[in-house]
Structure formats: structure tokens, C-alpha cells
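Data first, discussion second: the structure below is written as C-alpha cells.
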Number of protein chains: 2
Amino acid sequence: MAYRKTPRTRAKAEQRRARIERATHHVIASGGFASASIAAVAREAECSAGLIYTYYDNRDELLGIVFARAARHELAVIEEAVGEAASAADVVRSVVDVFIRRAVAGRTLAHALLFEEVPDTVQIERRRLRRGYVAVIAEGVSHRYTVEVPAEVVARSVVGSISENLVDFLDPDRAPPDASEVESLITALSTFARTAIGEQ
Amino acid sequence: MAYRKTPRTRAKAEQRRARIERATHHVIASGGFASASIAAVAREAECSAGLIYTYYDNRDELLGIVFARAARHELAVIEEAVGEAASAADVVRSVVDVFIRRAVAGRTLAHALLFEEVPDTVQIERRRLRRGYVAVIAEGVSHRYTVEVPAEVVARSVVGSISENLVDFLDPDRAPPDASEVESLITALSTFARTAIGEQ
DNA sequence: TCAACAATTGAACCACGATTCATTTCTTTG
DNA sequence: CAAAGAAATGAATCGTGGTTCAATTGTTGA
């Protein structure tokens with residue numbers, strides 16, 4: 001009798017797993033979920049299609065895990081920005097600024113995370129992400145400021161405003177926006193949102 | 001030699017076409033695009049699956065046509081509401097009011113038009129619809145009011161705010177919101193948006 | 001009524017990518 | 001090194017709806 005799992009084996013397995021998830025992330029960030037077939041991921045991870053199924057039950061699960069990780073990261077970035085804000089207006093200002101700059105810098109990924117058609121499992125993660133944004137903003141806004149509009153509605157509106165104004169900027173079959181357009185949008189949205197919470 | 005198309009024949013064909021489109025609309029309004037398989041539409045239209053292909057090249061085309069018609073109607077409703085508004089604040093107020101009430105009243109359809117995953121052809125129509133909303137609101141707002149924020153950004157933000165705040169209300173696997181929740185949302189969003197354009 | 005042809009049917013076909021699994025390759029331990 | 005069994009492969013399979021088309025039914029004009 002021979003062969004049991006050893007630390008070495010386990011480490012290798014974890015590397016594989018990490019490699020598959022990194023590959024998936026990479027494929028999504030390059031061409032969106034549409035391009036993330038099992039075959040494409042396997043190619044990128046330099047393994048066979050079959051192997052992926054020893055790590056994940058199915059494609060949706062893999063995509064969900066990768067989405068969730070990316071979402072956590074995006075959320076952490078926004079959370080940090082909000083943490084540094086000194087006033088409700090500041091919260092809104094920095095959220096708009098950071099969100100839009102990041103989105104434009106990583107267009108394809110941002111489009112995938114925000115807008116692209118995704119399987120149901122992933123859609124659940126997307127909602128979680130959006131709720132995360134709302135929670136962070138609502139918290140940031142309400143701690144420092146009170147308005148007659150519930151903080152959650154304010155937060156949702158900020159997220160919705162940013163998102164809707166980003167649609168064209170992130171459209172994969174348009175040319176990326178030039179810097180001045182981005183600056184204008186940031187200024188405009190920032191003003192809009194700050195005015196809405198009755199600041200300055 | 002016999003049989004040419006006659007007015008009667010043509011009329012019958014048009015009825016068929018209308019019937020298929022009405023059936024499609026009905027299926028979508030009851031269960032969203034996901035439920036609008038060719039088989040389901042054929043069943044509802046009381047015809048065979050094959051017949052549908054003598055009227056439309058493929059499923060996506062049919063769905064696109066039906067979406068477009070519904071979208072035109074929705075847009076007309078908003079357009080009318082905006083037409084009656086006396087000020088920019090009024091525009092915003094009535095858009096929020098009409099939009100949300102209509103959406104909640106026709107939850108499933110609203111969810112399908114706004115949020116559900118749809119084929120690319122249909123997605124194009126959805127964008128057109130959203131651009132339509134933006135154009136109407138932008139026009140309505142800018143005609144009667146000027147702000148430092150471009151009317152288009154304001155309009156997009158209004159659309160985005162409404163949309164994002166509606167997501168949970170329209171979620172097919174949640175109970176429909178009760179009347180008081182709807183009223184609260186309308187009030188809050190209305191206040192938010194009017195404040196944003198610096199009114200009252 | 002009948003020949004000519006259009007409308008309609010619905011079961012068979014297909015495309016496509018996820019998933020499976022018999023086979024091969026690698027690791028481990030005695 | 002050999003046996004035991006895990007890891008990995010990738011071609012074959014499968015599921016799902018959209019789509020086709022041979023066969024049937026309906027309509028027209030002489």
C-alpha cells in the first residue's frame with residue numbers, strides 16, 4: 001500500500017487551484033465572461049478541461065468564486081477611500097472619483113463586473129457587490145451627515161448614477177474615452193451627487 | 001395556374017403576426033424572457049413552432065421587435081408625463097412617480113425590460129430605451145432649468161438612481177413591495193433628485 | 001372540382017459548450 | 001524498483017433549445 005496525500009501534494013493542488021482561478025480572472029479581465037469558456041480557462045491555466053472539474057463542481061461555481069474575489073477587492077478599494085473621507089460630501093466625492101477612474105482603467109473587467117450578462121450564480125455575487133457598495137456609502141454618508149432622504153436611498157442613487165453614466169464608457173465595442181471626458185464626468189457626477197445631499 | 005396572395009390572405013397573415021407578437025409580449029410579461037422559448041410562444045399563440053419562422057428569421061429578431069414595441073410604449077408614457085411638467089423639478093418629480101408606479105404595477109415586465117438577461121439583439125433595444133429616457137429627461141430638464149451639471153449627466157443619473165433603487169422591488173423571487181414602501185421610495189427619490197438639480 | 005401553390009405542422013436535426021470517464025502519467029511508500 | 005492509487009488528460013458524450021423541412025392542410029382562380 002502506498003501513496004497518501006502529503007503536504008507537498010496538497011501544496012501542489014493549492015497551486016493548481018490558484019493558477020486556475022488566476023487564469024479565469026485573467027480571461028475575464030481580457031474578454032469578459034463570454035470568453036471564459038472552460039476550454040479558454042484551461043488553455044490559460046495550461047491544464048486540461050477535465051482537471052478543472054476536480055477542483056470545481058461546474059463552470060458557474062468557478063466563475064462565482066472568481067467574481068466574488070474580484071468583488072471583494074473592488075469593495076475594499078472603495079471602503080478605504082470612504083474611510084479617509086472627512087464629510088459626507090467627501091465620501092461622495094471620493095467614491096465617484098475612485099470608482100470611475102478604476103473602472104476606466106480596467107474597462108473590460110469593470111464591464112464584466114458591472115454589466116455583462118452572467119450566469120445566475122454570478123448574478124447573485126454581483127448583487128452582493130452592489131449591496132456592499134450601498135452599505136459602505138450609506139454608512140459613510142450617514143455617519144457624518146443627515147438628510148431627509150434615507151442614507152440607503154442616497155447610496156443606491158449614487159451607485160446607480162455612477163453605473164448608468166459609465167455604461168457608454170465601458171462599452172466593449174466603443175473606443176475608450178479620452179482623459180478629458182473622464183475628468184468631465186467625474187466633476188459633473190461629483191457635483192450632482194454632492195448637491196443632492198445638500199452639501200456646498 | 002392558381003393562387004396568388006389576396007387581401008384576405010394578407011390580412012390573415014398580419015393577424016397571425018400580430019397574434020404571435022401579442023403572445024410573445026404576454027409570455028414575457030408573465031415570466032420574463034427566460035420563459036419566452038419558441039415553444040412557449042407558439043403554445044400561447046396557438047400555432048406551431050415552425051410557423052414562427054415564416055414571420056421572423058430567428059428568435060432574437062422576434063424578441064427584439066416585441067421589446068422595441070413595449071419600449072416605445074413605456075417611453076411614450078414618460079414623455080407625456082414630462083410634457084406636462086412646468087419646471088425642471090416637476091420633470092424629475094413626475095418621472096420618478098410615473099416610472100416607479102408603472103414598474104411596480106407591471107413588475108415582471110418591468111424587470112424584463114430593465115434587468116433581465118437578454119440576447120444581444122435585445123440588449124441593443126434596451127440601450128435604445130435607456131437613451132430614450134435620458135433624452136426625454138435631459139430635454140425636459142434643460143428646457144426649463146440650467147445647472148452646472150450637464151443635462152445629460154443629470155438625466156442619466158436620474159435614470160440610474162431610479163433603476164438601482166428598483167432592483168429589489170422588482171426581484172422576481174421576492175414578495176412584491178407593499179404600498180407604503182413604494183410611497184416612501186417615491187418621496188425619497190423625488191427629494192433626492194430635485195435637491196440634486198438645486199431646486200427648492 | 002381541380003391543379004397549383006401557399007400556409008402550417010411538428011418531429012427530426014443541429015450547434016455548442018459544459019461535463020464525463022476510460023486511459024495515461026505521476027507520486028508515494030515499502 | 002514495484003505496486004497502489006492519486007492526478008491529469010482530452011476525446012467522446014450529453015443536454016438544451018433554436019431551427020429546419022418533408023409532409024399535410026388550406027386557399028385560390030379557371
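In what follows, chains carry the letters A, B, and so on, assigned in the order in which the sequence lines appear, proteins first and then strands, with residues in each chain numbered from 1.
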Got a list of protein N/O to nucleotides 7-10 of chain D N/O distances below 3.5 Å?
| unit_1 | atom_1 | unit_2 | atom_2 | d |
| --- | --- | --- | --- | --- |
| D:dA8 | OP1 | A:R16 | NE | 3.3 |
| D:dA8 | OP2 | A:Y55 | OH | 3.2 |
| D:dT9 | OP2 | A:S48 | N | 2.9 |
| D:dT9 | OP2 | A:S48 | OG | 3.1 |

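Nucleotide D:dC14 holds its C1' atom 12 Å from the OH atom of A:Y53, rounded to whole Å. Summarising the geometry, the separation between CZ on A:R10 and C1' on C:dT27 is reported as 14 Å, rounded to the nearest angstrom. When the P atom of C:dA18 is taken as reference, atom CD of A:E61 falls 15 Å away, rounded to whole Å. Nucleotide C:dT8 holds its C1' atom 11 Å from the CD1 atom of B:I20, rounded to whole Å. For the pair B:R17 CZ and C:dT8 P, the interatomic distance rounds to 12 Å; values are reported in whole Å. Rounded to whole Å, the distance from OH on A:Y56 to P on C:dA18 is 16 Å. As rounded to whole Å, 9 Å separates atom C1' of D:dG18 from atom CG of B:N58. In this structure, the CG atom of A:D57 is 9 Å from the P atom of C:dT19, given to the nearest Å.
Here the nucleotide nearest the side chain of A:T6, chosen from C:dA18, C:dT28, D:dT20, is C:dT28.
For the pair A:L51 and A:C47, the tightest heavy-atom approach, listed with the atom from each and the gap, is CD2-CB, 3.8 Å.
At a threshold of 4.5 Å between non-hydrogen side-chain atoms, the residues A:D171 and A:V167 do not count as touching. Contact of the A:R107 side chain with the A:P172 side chain is not registered, since no non-hydrogen atoms from C-beta on lie closer than 4.5 Å.
The shortest distance between the side-chain N/O atoms of B:R59 and the OP1/OP2 oxygens of D:dT19 is not below 4.0 Å.
Side-chain contact, A:E116 with A:H111: no donor N or O sits under 3.5 Å from an acceptor N or O. Side chain to side chain, A:Y133 and B:E164 fail the donor-acceptor criterion of an N or O pair below 3.5 Å. There is a side-chain donor-acceptor pair under 3.5 Å between A:E21 and A:Y56.
Less than 4.0 Å separates DNA chain C from at least one heavy atom of each of the following residues of residues 26-45 of chain A: A:S37, A:I38.
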Side-chain donor-acceptor distances from residues 183-192 of chain B under 3.5 Å, at least two apart:
| unit_1 | atom_1 | unit_2 | atom_2 | d |
| --- | --- | --- | --- | --- |
| B:E183 | OE1 | B:R101 | NH2 | 3.2 |
| B:E183 | OE2 | B:R101 | NH1 | 2.8 |
| B:S184 | OG | B:S180 | O | 2.8 |
| B:T187 | OG1 | B:E183 | O | 2.9 |
| B:T191 | OG1 | B:T187 | O | 2.8 |

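Between A:D168 and B:R127 there is no salt bridge, since no side-chain N of the basic residue sits under 4.0 Å from a carboxylate O of the acidic one.
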I'd like to know whether A:E46 forms a salt bridge (Lys or Arg N to Asp or Glu O under 4.0 Å) with A:R19, so could you lay out the CA-CA distance, the side-chain angles of the two residues, the decisive distance to 0.1 Å, and finally the verdict. CA-CA 9 Å; A:E46 297 177 277; A:R19 186 179 188 130; 2.5 Å; yes
